[in-house]
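For reference, the structure discussed in these notes is given below.
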Amino acid sequence: MISKITIDKVFETAIVEEVIGDFIQLKKSGSNYKGLSPFTDEKTPSFMVSPAKQIWKDFSSGKGGNVIAFLMEHEQLSYPEAIKYLAKKYNIEIEETQLSDKQKEKINEKEKLFIITDIAKNYFKERFHETDFGKNIAKSYLLERNFDSEIIEKFELGCLTDSYNDLKNFLLDKNYNIDDLISLGLVSSKTNNDIYRARIIFPIKTISGRTAGFGARTLKTNIKSAKYINSPESIIYNKSKILYGLYNSKSEIVKKDNCYVVEGYTDVMRFHQKGIKNVVSSSGTALSIDQINLIRRLTKNITMLYDSDKAGVSATVRSIDIILEQNMNVSVVLFPNNEDPDSFASNKNTNEIVNFLDNNSIDFIEFKAKLLNDSLKKSPSEKAKIINEIVLSISKIPDRIKQEIYIKHCSEIMNISENTLFNVLAQIVVTIKQTPKKTSSQEKTIIEHKKVDQIFELEKKIIEILILYGEKKVIFDEIKLIKNERGDFTYKPVKVESLVFEKIFLDLQSDEVEFANESFKILYKMLINEFQKSENFDPKTFLNSLDEKLSNLVTTILINEDIYQLHNWETKNIYVKQKSKSISQLVTETILTLRTLLINKKVNELSSQKSNTDNLDQDLLDEIVNYYQLKSLLSKKLNRVI
């Protein structure tokens with residue numbers, strides 16, 4: 001178990017915008033930051049980070065919380081793993097007690113597999129540095145290809161010897177299950193032998209640096225086996241949802257606002273060694289939507305650096321439309337014949353490589369036009385085919401202004417009128433709209449408009465008031481029932497100074513009001529207890545003490561308060577009443593409205609009970625009359641404060 005001292009230090013040190021900035025591109029928005037949601041495929045940023053409150057809120061998915069909640073949601077880390085991740089990032093020493101057998105059993109399946117891959121990665125590295133095969137064959141091969149020791153260490157390369165069961169026996173000795181080793185692709189299901197024998201091994205990491213799988217290149221030339229093999233799909237590794245090198249490149253991608261996409265592992269390593277660090281690999285396949293969305297959170301600009309052979313060109317063509325559909329910008333660089341990014345950059349310096357990339361970067365229209373020029377046919381039908389493909393690609397772009405710009409660009413390059421191209425574009429758009437979409441039975445269900453739950457909204461508002469203003473001392477306008485000189489009872493306005501939380505507590509207690517929503521009920525009791533025992537209430541500390549569900553609720557409340565303050569109405573010559581200047585009215589209206597709703601509900605229940613009873617119960621009648629009197633008093637109070 002991680003000690004409380006370590007956890008507190010992590011919370012004190014971690015900066016939410018820094019941590020989240022490692023995963024998505026954040027841009028300043030007033031006093032906050034905004035970015036695209038990493039949980040949905042939104043096109044307009046609704047993901048907000050508040051540095052002042054050290055929280056985040058994703059309005060497209062409804063998720064939110066503190067920095068730990070983000071890592072748990074985005075990286076699927078357990079709470080302890082999220083703490084360890086931050087401790088590593090901020091160089092905080094972890095004080096940890098030994099786990100009991102019962103606690104070990106609680107580690108979930110996914111976490112167990114990540115632990116196995118991490119142990120395997122370290123074992124491969126140890127084999128690389130300490131065995132004859134590693135030192136004399138694997139390392140020599142990489143050095144001959146001009147990869148230096150620093151880059152080998154940076155990407156944590158390893159190897160296995162040609163021995164059949166070294167890794168398997170090592171992991172079984174640590175009491176790991178053979179079935180887990182098979183599911184991760186470390187051991188063969190047919191022979192029960194190590195799969196990566198006599199190979200250099202490349203760890204494939206998640207964006208947060210956890211080892212999810214491996215790629216491995218054979219070092220034997222005299223046997224018939226695949227040159228490269230990869231980990232199979234597992235619950236921690238999905239090839240279409242991960243990019244090799246993203247963990248090492250993410251910061252530079254944000255900084256350069258561009259991502260180079262290459263095919264192979266060594267392409268990424270070569271570029272890093274040459275000082276070009278905004279590069280990732282799709283592991284030899286066309287980019288998937290999930291991979292593009294990973295990049296989209298860091299930049300809207302992709303430059304494809306695939307090989308100039310037939311397979312590389314084909315992968316580039318397949319990727320272009322998918323990138324454009326995500327409203328991203330795509331460029332292409334084609335290398336000279338028989339060259340790939342690794343071989344091309346191997347004997348060049350950084351400036352030479354950068355100049356080549358800048359000078360040979362072309363957009364997708366120029367790329368497809370080049371395919372026509374390189375074609376042996378160059379016939380009118382071939383030209384028409386390429387033009388139709390270009391316009392089809394343009395139709396994928398959601399932005400109409402971009403569409404028009406690219407149509408004009410295509411007109412200039414292909415020497416065809418804009419009107420013709422616009423007509424073709426219009427036909428494609430109409431065809432797409434007319435194509436019936438497949439809908440599931442759930443999607444066909446008629447969506448009913450839900451009525452606003454007034455009691456829910458009012459209870460939520462009370463929690464918001466307590467968090468934001470609970471400790472403030474405010475003068476409230478009250479109406480009290482007093483006896484005048486003639487002995488008659490009358491209502492008289494008075495002013496009463498009180499702490500906000502005390503006012504709310506006493507008013508609700510007087511009616512014996514219980515919150516209807518279970519989460520709000522828990523939060524209300526926690527907040528009242530917090531105010532009663534502590535003189536200095538800190539929303540951030542309170543947030544960190546909550547579980548995921550309650551933390552999400554509180555985050556939404558705090559972020560919504562930031563949005564209200566963000567608008568800078570005064571700069572538009574619009575003067576709105578600040579929340580802080582109307583706390584008294586806000587508190588009074590909210591409490592009175594909630595009390596009135598609950599009393600109405602109670603009166604209706606009692607009236608229903610009365611109508612179902614044959615004999616009139618005097619006590620029941622008295623109770624109904626009392627509630628009507630209370631309802632009348634509340635109405636008078638409401639009329640005064642509205």
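Bear in mind that the values here come from a model prediction, so they are computed numbers and not experimental data. Residues: numbered from 1 along the sequence shown.
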Nearest heavy-atom neighbours spanning [X] and [Y]:
{"X": "Ile253", "Y": "Cys259", "answer": "CD1-SG, 3.7 Å"}
{"X": "Ser393", "Y": "Leu324", "answer": "O-CD1, 3.5 Å"}
{"X": "Val279", "Y": "Ile276", "answer": "CG1-O, 3.7 Å"}
{"X": "Ile416", "Y": "Ser411", "answer": "O-OG, 2.6 Å"}
{"X": "Gly215", "Y": "Ile204", "answer": "N-CD1, 3.7 Å"}
{"X": "Ala14", "Y": "Tyr90", "answer": "CA-CE1, 3.6 Å"}

Find out whether [X] and [Y] are in side-chain contact, i.e. whether some heavy atom of one side chain is under 4.5 Å from a heavy atom of the other.
{"X": "Leu357", "Y": "Leu305", "result": "yes"}
{"X": "Arg145", "Y": "Tyr141", "result": "yes"}
{"X": "Asp148", "Y": "Ile151", "result": "yes"}
{"X": "Ile242", "Y": "Asn238", "result": "no"}
{"X": "Asn278", "Y": "Lys255", "result": "no"}
{"X": "Gln326", "Y": "Lys43", "result": "yes"}
{"X": "Pro45", "Y": "Leu36", "result": "yes"}
{"X": "Asn248", "Y": "Leu246", "result": "no"}

Salt bridge present between Lys408 and Glu412 (N-O < 4.0 angstrom): no
Residues Arg210 and Glu111 bridged, charged N to O under 4.0 Å: yes
Results of side-chain contact (heavy atoms from CB on, under 4.5 Å) for Val16 - residues two or more places apart only: Ile20, Val49, Gln54, Trp56, Val67
Under the rule for side chain to side chain donor-acceptor pair (under 3.5 Å), what residues qualify as partners of [X], not counting sequence neighbours?
{"X": "Lys396", "result": "none"}
{"X": "Lys300", "result": "none"}
{"X": "Glu156", "result": "Lys121, Lys125, Lys205"}
{"X": "Asp22", "result": "Lys89"}

Counting only N and O atoms by type, is there a donor-acceptor contact under 3.5 Å from the side chain of [X] to the main-chain atoms of [Y]?
{"X": "Asn552", "Y": "Gly62", "result": "yes"}
{"X": "Lys383", "Y": "Met414", "result": "yes"}
{"X": "Lys250", "Y": "Leu298", "result": "no"}
{"X": "Glu42", "Y": "Ser37", "result": "yes"}
{"X": "Asn122", "Y": "Asp118", "result": "yes"}
{"X": "Thr299", "Y": "Ile295", "result": "no"}
{"X": "Ser395", "Y": "Leu392", "result": "yes"}
{"X": "Arg199", "Y": "Lys227", "result": "yes"}
{"X": "Gln403", "Y": "Pro398", "result": "no"}

Residue pairs, two or more places apart or on separate chains, that pass salt bridge (charged side-chain N to carboxylate O under 4.0 Å, His left out) and touch residues 24-35: none
Pairs flagged by salt bridge (charged side-chain N to carboxylate O under 4.0 Å, His left out) wherever residues 262-284 is involved - sequence neighbours left out: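 As it turns out, the salt bridge (charged side-chain N to carboxylate O under 4.0 Å, His left out) pairs with a partner in residues 262-284, which skip direct neighbours, are Arg270-Asp342.
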All ring-ring contact (aromatic ring centres under 6.0 Å, His included) counterparts of [X], not counting sequence neighbours:
{"X": "Phe271", "result": "none"}
{"X": "His74", "result": "Phe23, Phe70"}
{"X": "Phe202", "result": "Tyr265"}

Hydrogens and angles aside, do [X] and [Y] bring a side-chain donor and acceptor to less than 3.5 Å of each other?
{"X": "Tyr196", "Y": "Ser231", "value": "yes"}
{"X": "Asn32", "Y": "Ser29", "value": "no"}
{"X": "Ser288", "Y": "Lys241", "value": "no"}
{"X": "Lys239", "Y": "Ser283", "value": "no"}
{"X": "Thr40", "Y": "Ser60", "value": "yes"}
{"X": "Lys402", "Y": "Asn329", "value": "yes"}

To the nearest 0.5 Å, what is the distance between [atom1] ([X]) and [atom2] ([Y])?
{"X": "Leu287", "Y": "Ile292", "atom1": "CG", "atom2": "CD1", "result": "5.0 Å"}
{"X": "Phe214", "Y": "Ile229", "atom1": "CZ", "atom2": "CD1", "result": "12.0 Å"}
{"X": "Leu157", "Y": "Ile200", "atom1": "CG", "atom2": "CD1", "result": "6.5 Å"}
{"X": "Leu143", "Y": "Ser149", "atom1": "CG", "atom2": "OG", "result": "5.5 Å"}
{"X": "His272", "Y": "Glu252", "atom1": "NE2", "atom2": "CD", "result": "8.5 Å"}
{"X": "Asn146", "Y": "Ser346", "atom1": "CG", "atom2": "OG", "result": "4.5 Å"}

Worked verdict on Leu186 versus Ile116 for side chain to side chain contact (heavy atoms under 4.5 Å, CB included): CA-CA 10 Å; Leu186 299 172; Ile116 293 172; 4.0 Å; yes
ring-ring contact (aromatic ring centres under 6.0 Å, His included) pairs, two or more places apart, involving residues 327-348: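 Of all non-adjacent pairs touching residues 327-348, those that pass ring-ring contact (aromatic ring centres under 6.0 Å, His included) are Phe335-Phe344, Phe335-Phe356, Phe344-Phe356.
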Trace of the side chain to side chain contact (heavy atoms under 4.5 Å, CB included) decision for Tyr406 with Leu425: CA-CA 11 Å; Tyr406 279 120; Leu425 177 62; over 6 Å; no
Audit row: Ile302, Ser331, side chain to side chain contact (heavy atoms under 4.5 Å, CB included) steps and yes/no: CA-CA 6 Å; Ile302 291 179; Ser331 300; over 6 Å; no
Side chain to side chain contact (heavy atoms under 4.5 Å, CB included) between Met304 and Ile323, intermediate numbers included: CA-CA 11 Å; Met304 308 288 293; Ile323 296 169; 3.8 Å; yes
Residue pairs involving residues 349-365 (criterion side-chain hydrogen bond (donor to acceptor under 3.5 Å, both in side chains); sequence neighbours excluded):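 Of all non-adjacent pairs touching residues 349-365, those that pass side-chain hydrogen bond (donor to acceptor under 3.5 Å, both in side chains) are Asp363-His409.
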